[in-house]
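See below for the structure under consideration.
For the numbers below, each heavy atom of this structure counts, side chains included, while hydrogens, waters and symmetry mates do not. Just so you know, ligand 1 is whichever comes first in the structure, and atom 1 is the first atom listed for that ligand.
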Amino acid sequence: MRGEFSLIERFLEAFPRARAPRGPGDDCAVLAPTRGALCVTTDTVVEGVHFTREGFSPEDIGHKALAVNLSDLAAMGATPRWFLCALALPRDFPEGQLRRLARGMSALARAHRISLVGGNFTSARELSITLTAAGELQRPALTRGGGRPGELLYVSGTLGEARLGLLQLQAGRRRGTAILRQRRPVPRVALGRLASRFASAGLDVSDGLAQDLGHLCDASRVGAVVELAHLPLSPAVRAELGPVGALAGGEDYELLLAVPPERAQAFERACARAGERVTRIGQLTRQRRRVLRDPDGRLLPPPPGFDHFTRGRSLD
Ligand SMILES: [Mg+2]
């Protein structure tokens with residue numbers, strides 16, 4: 001492929017000097033954790049699955065690639081510190097677009113004080129970006145398996161917006177709140193750190209709340225009841241998708257948290273003080289089935305989960 005080394009230089013120019021003993025330029029980065037344990041995650045965004053070049057600017061793509069990894073760090077209560085970036089680029093990918101992609105990524109990296117410490121370029125048929133991100137823990141990590149029957153379920157922000165944004169993009173729209181949520185997910189990093197003081201289990205909602213709640217319940221060996229009337233939905237999502245449709249929508253990148261009842265009030269107060277929106281949506285149960293309760297008290301099964309690959313095909 002064309003000058004790999006000059007491409008790497010162009011890409012790195014967008015980022016500040018890494019906060020690490022050795023950043024990009026050697027065979028490995030050298031990191032110096034200052035406290036506690038490290039959380040490490042990796043996630044890929046792929047053209048035609050997580051974005052299209054028609055619907056997303058290069059800055060959006062760079063932002064999204066980092067945001068989905070930051071969301072995983074947030075889910076564990078970690079403070080973002082370092083990341084590696086492996087880029088697979090089509091041969092004809094314009095250098096100007098690569099710079100813009102780097103700028104979108106570096107703006108979010110600066111906002112969260114996470115340093116790019118290395119990476120790799122390769123040529124490929126489709127654009128894809130794989131990041132590996134590491135964060136530091138100040139207290140025990142928030143995991144999926146710590147939930148207990150009787151604990152209260154909270155979700156941050158609003159649900160279904162990214163799915164609505166995807167549908168709008170597919171219908172040819174290019175602007176609007178929901179489309180922005182699809183292009184520029186907001187990782188709940190500060191909330192994750194706060195929640196690690198109160199919650200007993202948590203994860204980020206990347207595959208739709210219905211499916212991610214299933215992951216939490218399976219890992220915690222519990223069931224759950226979700227109150228449909230309590231779901232935080234924007235008026236547009238309520239009108240276009242309805243509560244059940246919002247539960248099946250992927251890529252919200254909100255946090256789902258289980259909080260023991262005796263800590264719920266303190267958790268809600270801390271969230272209010274920090275300006276973090278959380279909504280109580282249900283409860284974990286001893287009986288290991290997951291149900292939705294409608295406003296009339298009727299119990300419904302949750303919608304089937306979200307599948308990136310199904311969606312990938314639908315974008316072809
Ligand atoms: Mg996750």
Side-chain angles (χ1 to χ4, degrees), residues 37-46 49-51 63-86 105 108-109 112 114 128-137 140-147 153-163 166 181-182 184-196 199-220 224 226 246-259 276 278 281 284 290 302 304-312:
L38 286 182
C39 268
V40 186
T41 184
T42 189
D43 222 327
T44 302
V45 293
V46 180
V49 180
H50 303 91
F51 63 86
H63 173 103
K64 191 164 181 175
L66 180 56
V68 300
N69 282 275
L70 289 173
S71 181
D72 279 332
L73 294 180
M76 305 285 288
T79 301
R81 290 295 306 271
W82 306 282
F83 72 105
L84 301 164
C85 174
M105 191 181 286
L108 186 64
H112 289 283
I114 184 168
S128 81
I129 309 171
T130 300
L131 299 194
T132 301
E136 289 187 283
L137 287 166
L142 209 47
T143 63
R144 301 173 178 194
L153 282 170
Y154 288 85
V155 72
S156 62
T158 58
L159 296 170
E161 211 79 41
R163 182 182 188 201
L166 174 70
R181 281 285 299 273
Q182 167 61 228
R184 300 263 177 156
V186 178
R188 303 295 182 190
V189 173
L191 175 62
R193 275 204 302 271
L194 182 157
S196 69
S200 58
L203 80 173
D204 69 326
V205 182
S206 53
D207 297 332
L209 190 126
Q211 184 151 314
D212 288 310
L213 174 62
H215 298 322
L216 190 149
C217 286
D218 289 344
S220 296
V226 169
L247 288 178
E251 303 189 297
D252 287 321
Y253 298 106
E254 298 295 347
L255 297 185
L256 175 65
L257 302 159
V259 179
E276 297 287 347
V278 292
I281 59 164
L284 297 182
R290 297 184 290 278
F306 170 85
D307 182 345
H308 283 294
F309 297 104
T310 308
R311 191 160 70 94

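- Within the 3.5 Å criterion, the main-chain N or O of L255 finds a donor-acceptor partner in the side chain of S156.
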Yes or no on side-chain contact (heavy atoms from CB on, under 4.5 Å) for T42 and T130, after CA distance, side-chain angles and deciding distance?
CA-CA 7 Å; T42 189; T130 300; 3.6 Å; yes
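- Listing protein N, O or S atoms at distances below 2.8 Å from the Mg ion (ligand 1), with waters left out, gives D72 OD1, D204 OD1.
- A salt bridge links E254 with R181: the closest approach of a Lys/Arg side-chain nitrogen to an acidic carboxylate oxygen falls below 4.0 angstrom.
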Report the C-alpha distance between F83 and N69 in whole Å, list the side-chain angles of each, state the deciding distance to 0.1 Å, and finish with yes or no for side-chain contact (heavy atoms from CB on, under 4.5 Å).
CA-CA 9 Å; F83 72 105; N69 282 275; over 6 Å; no
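- A salt bridge links D218 to R290: at least one charged side-chain nitrogen sits closer than 4.0 Å to a carboxylate oxygen.
- Every residue two or more places apart in sequence or in another chain that forms a salt bridge (charged side-chain N to carboxylate O under 4.0 Å, His left out) with R184 is listed here: D60.
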